[in-house]
Amino acid sequence: MATILDGKALAAKIKAQVKEEAATLPRIPGLAVIIVGNNPASRVYVNSKRKDCEECGFLSEEFALPEETTEAELIALIQELNGRDDIDGILCQLPLPNGINEEAVLMAIDPNKDVDGFHPMNAGALFVGKDGFLPCTPYGVMEILDEYGIDPKGKTCVVIGRSNIVGKPMSIMLLQRHGTVTICHSRTQNLTEVCRGADILVAAVGKNHTVTKDMVKPGAVVIDVAMNRNDEGKLCGDVDFDDVKDIASAITPVPGSVGPMTRAMLMKNTLLAAKKHQA
Ligand code: NAP
């Protein structure tokens, strides 16, 4: 039976540390969260971010804009927030309604306030190994690995998914820690075979049963980033947890591991932004 990688407990520990450090700053960290339209999942995420800010003693300001908001209006709000001294981090909840160019919106956020780590300046910094804001989900995965003493150095790492927010940055972070990394996607041939070679397997696809027992090498570490719904409407990941836990050496449950860590890393990034702005 695999070790269950408890990201929930680790997230609580990180948030407690963030709160303690935030209290020592001359000014409390401030996070602005923008939500456009009525996507129910986005609403849940934004509510949790507000709760996390309260827990860490941050200023949290929410901007709920109607579905009809134009790209120009949204960018004007971001520019106003870029100029505010009490706001250290700006987060625009994705996805945005049709008609708004996500890339243009993310580009408008001051890279020094881009606590999601999605701006090309921060993505580029990660790529070349310079300091910047790390995207919260892969950053959280790396913290889980560190907490449990799982060192990617020299290991065969397979990441399924190549999105800009999860798969790509995840691969770069594992590479920087000297993993030998393969990135898989929807056109990958022989996915089972490739995955079976992995010492560390990260699934970030968004489809139930993407990773079945036959795709996992005995003793592998399996990280499930996905947040899907099963036929009963319950949250689940990409990995067949019940089968895979019997052969993996360590595994993240869904829910309760990568999700809470993503939220904790947002708080950590906001604290970092506040420290930089107040330095
Ligand atoms: P995304 O942008 O939709 O990317 C999914 C990736 O999976 C794509 O690269 C796609 O390949 C690949 N893919 C699709 N079908 C595949 C298949 N059959 N075999 C192999 N690869 C396949 O999704 P995302 O934003 O990265 O998110 C991925 C999952 O993580 C979702 O479930 C999302 O909800 C979850 N997520 C969780 C957190 C968290 O806090 N836990 C945060 C962010 C995302 P192509 O590039 O070829 O299309």
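In each ligand, atom 1 is the first atom listed, and ligand 1 is the first ligand listed. Position 1 is the first residue of the sequence, and the numbers go up from there.
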In ligand 1, the atoms that come under 4.0 Å of a heavy atom of Gly161 are 6 (C), 7 (O), 9 (O)
Using a 4.0 Å heavy-atom threshold (strictly under), name the region of Thr210 that reaches ligand 1: side chain, backbone, both or neither. neither
At under 4.0 Å between heavy atoms, is it the side chain or the backbone of Thr188 that contacts ligand 1, or both, or neither? neither
So the atoms of ligand 1 within less than 4.0 Å of a heavy atom of Gly259 turn out to be 40 (O), 41 (N)
Spacing of OG1 belonging to Thr252 relative to CD1 belonging to Ile144, to within rounding of 0.5 Å: 6.5 Å
I'd like to know whether Glu54 forms a salt bridge (Lys or Arg N to Asp or Glu O under 4.0 Å) with Lys15, so could you lay out the CA-CA distance, the side-chain angles of the two residues, the decisive distance to 0.1 Å, and finally the verdict. CA-CA 11 Å; Glu54 281 165 13; Lys15 283 194 279 184; over 6 Å; no
Which residue holds the protein heavy atom closest to atom 15 (N) of ligand 1, what is that atom called, and what is the gap in Å? Lys207 NZ, 2.9 Å
Can you tell which part of Ile160 has a heavy atom less than 4.0 Å from ligand 1: side chain, backbone, both or neither? side chain
With respect to atom 25 (O) of ligand 1, which of Thr262, Val258, Ile165 exhibits the smallest heavy-atom separation? Ile165
Measure the distance from atom 33 (C) of ligand 1 to every protein heavy atom, then report the residue, atom name and distance (to 0.1 Å) of the closest one. Met227 N, 4.2 Å
Taking 4.0 Å as the limit for heavy-atom contacts, which would you say applies to Val225 with ligand 1: side chain only, backbone only, both, or neither? both
CD of Glu68 to CG of Leu65: how many Å apart, nearest 0.5 Å? 10.5 Å
Donor + acceptor pair across side chains of Asn208, Asn228 (<3.5 Å): yes
Does Asp199 use its side chain to pair, donor to acceptor, with the backbone of Gly179 at less than 3.5 Å? no
Carboxylate-amine/guanidinium contact Asp246 Lys213, below 4.0 Å: no
Can you tell me the protein heavy atom closest to atom 2 (O) of ligand 1 and the distance? Ser163 CB, 3.4 Å
Output the list of atoms in ligand 1 that are nearer than 4.0 Å to some heavy atom of Gly206, sorted by atom number. 29 (C), 31 (C), 32 (O)
Would one find an N or O of Arg187, backbone or side chain, under 3.5 Å from an N or O of ligand 1? no
Report the nearest protein non-hydrogen atom to atom 21 (N) of ligand 1: residue, atom name, distance rounded to 0.1 Å. His185 C, 3.1 Å
In terms of heavy-atom contacts, does NZ of Lys276 have more than 12 from other residues, nucleotides or ligands at under 6.0 Å? yes
Might you confirm whether atom NZ of Lys217 has over 12 heavy atoms from other residues, nucleotides or ligands at distances under 6.0 Å? yes
Look at Arg84 together with Asp86 and state whether they make a salt bridge at an N to O cut-off of under 4.0 Å. yes
Within this structure, what is the CG-CG distance for the pair Asn82 and Asn112, rounded to the nearest 0.5 Å? 9.5 Å
Strictly below 4.0 Å, N to O, side chains only: are Lys8 and Glu147 in salt-bridge contact? no
Where ligand 1 meets Asn228 - atom numbers and elements under 4.0 angstrom, heavy-atom basis: 32 (O)
Tell me the contacting part of Val205 for ligand 1: side chain, backbone, both, or neither, using a 4.0 Å heavy-atom threshold, strictly below. both
What is the closest protein heavy atom to atom 42 (C) of ligand 1, and at what distance does it sit? Thr137 OG1, 3.1 Å
Of all the atoms in ligand 1, which lie at a distance below 4.0 Å from a heavy atom belonging to Ala204? 5 (C), 6 (C), 7 (O), 28 (C)
The closest protein heavy-atom partner of atom 46 (O) of ligand 1 is Arg162 NE, 2.7 Å
Hey, could you give me the NZ/CE distance between Lys49 and Met267, rounded to the nearest 0.5 Å? 8.5 Å
Could you check atom 17 (C) of ligand 1 against the protein and tell me its nearest heavy-atom contact, residue, atom and distance included? Ser186 CA, 4.1 Å
Looking only at protein heavy atoms, identify the closest one to atom 44 (C) of ligand 1 and say how far it is in Å. Val166 CG2, 3.9 Å
